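Not measured: the values here are computed from a predicted model. Residues take their numbers from the sequence shown, with the count starting at 1.
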Amino acid sequence: MGVPKEGEFITIKSYKHDGSLHRTWRDTMVLKTSECSIIGLNDHTLVTESDGRRWVTREPAIVYFHTKYWFNVIAMIREKGVSYYCNLASPYVLDDEALKYIDYDLDVKVFPDGEKRLLDVDEYEAHSKQMHYSKEIDFILKENVKILVDWINNGKGPFSPGYIDIWYNRYKQLSRK
């Protein structure tokens, strides 16, 4: 397939460490691809959970994936402002079927007022034992939490001023074509 082009749609699949499918997003519009990252947008995207439950996303969300960092970032554009949902996860891989990554339970949520919360620590501890996360993976994830918090605090990457406007406007342009 090669690299998807701007305006094309891809499927996103997240897995758990044991290889089981966790969640699928059907159509994400690609806004930008570079050597190391992909920026896309979901809007009214069909999501399928591992148990077969299906739902549709309500608001537009800009998604950011990287091949080097162990996190991805979803910026949900809501009337009250932007909420960020950051998954601690493996770097992505892209094949003919989908963009794929392993979800490692821990999440950092950033509220429109800037408040940060680390979520699902209990789930991480439970899965870590159950699925035998290695010491290396545990170390990498904890280091990447620090990198992520640094990005949030210093307005880097998807947290930079103007990021949302630039990419949401790009989406509107591509949608009109």
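Tyr104 and His17 have their aromatic ring centers within a separation under 6.0 angstrom. Outside the 6.0 Å centre-distance limit, the rings of Tyr64 and Trp167 are not counted as a close aromatic pair. Here the two rings, on Phe159 and Tyr84, have centers that are under 6.0 Å apart.
The side-chain heavy atoms of Phe71 and Cys86, taken from C-beta on, include no pair separated by under 4.5 Å. Looking at heavy atoms from C-beta onward, Thr48 lies out of side-chain contact with Arg23 at the 4.5 angstrom threshold. Looking at His22 and Asp103, their side chains come closer than 4.5 Å, going by heavy atoms from C-beta outward. No side-chain heavy atom of Tyr92 sits less than 4.5 Å from a side-chain heavy atom of Asn72. Looking only at side-chain heavy atoms (C-beta outward), Tyr69 and Pro91 stay at 4.5 Å or farther from each other. Between Leu46 and Asp27 the shortest side-chain heavy-atom distance does not fall below 4.5 Å. Val121 is listed as a side-chain neighbour of Leu106, based on a closest heavy-atom distance under 4.5 Å. Side-chain atoms of Arg58 and His44, non-hydrogen and from C-beta on, never get closer than 4.5 Å to each other.
Across Ser83 and Pro112, no two heavy atoms sit closer than the pair OG-CD, 3.5 Å. The minimum heavy-atom distance between Ala75 and Ile164, with the atom names listed, is CB-CD1, 3.5 Å. Closest of all the heavy-atom pairs between Pro161 and Gly155 is CD-O, 4.1 Å. Taking both residues in full, the closest heavy atoms of Glu59 and Asp43 are given as C-OD1, 3.8 Å, listed atom of the first, atom of the second, then distance.
Distance check, rounded to the nearest 0.5 Å: CD1 of Ile140 to CG of Leu88 gives 11.5 Å. Taking CD1 of Ile74 as the reference point, atom NZ of Lys109 lies at 11.5 Å (rounded to 0.5 Å). The CG atom of Asn42 lies 3.5 Å from the OG1 atom of Thr28; values are rounded to the nearest 0.5 Å. Taking SG of Cys36 as the start and NE2 of His66 as the end, the distance is 5.0 Å to the nearest 0.5 Å.
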Audit row: Tyr133, Tyr124, ring pair (Phe, Tyr, Trp, His ring centres under 6.0 Å) steps and yes/no: CA-CA 10 Å; Tyr133 297 173; Tyr124 176 77; 5.5 Å; yes
Stepwise side-chain hydrogen bond (donor to acceptor under 3.5 Å, both in side chains) test for Trp70 and Glu143: CA-CA 9 Å; Trp70 286 64; Glu143 286 301 301; over 6 Å; no
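For Asp107, the side chain to side chain contact (heavy atoms under 4.5 Å, CB included) partners are Tyr85, Asn87, Leu119, Asp120, not counting sequence neighbours.
Between Phe65 and Tyr101, the two ring planes are tilted [angle within 30° to 60°].
A salt bridge between Lys16 and Asp105 is present, with a side-chain N of the basic residue lying under 4.0 Å from a carboxylate O of the acidic one. Lys142 and Asp138 are joined by a salt bridge, as a carboxylate oxygen and a charged side-chain nitrogen come within less than 4.0 angstrom of each other. Using a 4.0 Å cut-off between charged side-chain N and carboxylate O, Glu6 and Arg170 make a salt bridge.
The neighbour count for Arg26 CZ, taken as heavy atoms of other residues, nucleotides or ligands under 6.0 Å away, does not exceed 12.
Placement of Val93 and Tyr15 in two distinct hydrophobic clusters is found when ILVMFWY residues are connected by side-chain heavy-atom separations under 4.5 Å, directly or transitively. Cluster membership for Ile12 and Met29, using ILVMFWY side-chain heavy atoms within less than 4.5 angstrom, is not shared. Val73 and Val47 are assigned to two separate hydrophobic clusters, defined by single-linkage of ILVMFWY side chains at heavy-atom distances under 4.5 Å. Taking hydrophobic clusters as Ile, Leu, Val, Met, Phe, Trp and Tyr residues chained together by side-chain heavy-atom distances below 4.5 Å, Ile152 shares a cluster with Val82. Cluster membership check: Trp25 does not share its hydrophobic cluster with Ile62, using side-chain heavy-atom separations under 4.5 Å among Ile, Leu, Val, Met, Phe, Trp and Tyr.
When the options Leu148, Ile147, Asp150 are evaluated for a side-chain contact (heavy atoms from CB on, under 4.5 Å) with Lys156, the one that passes is Asp150.
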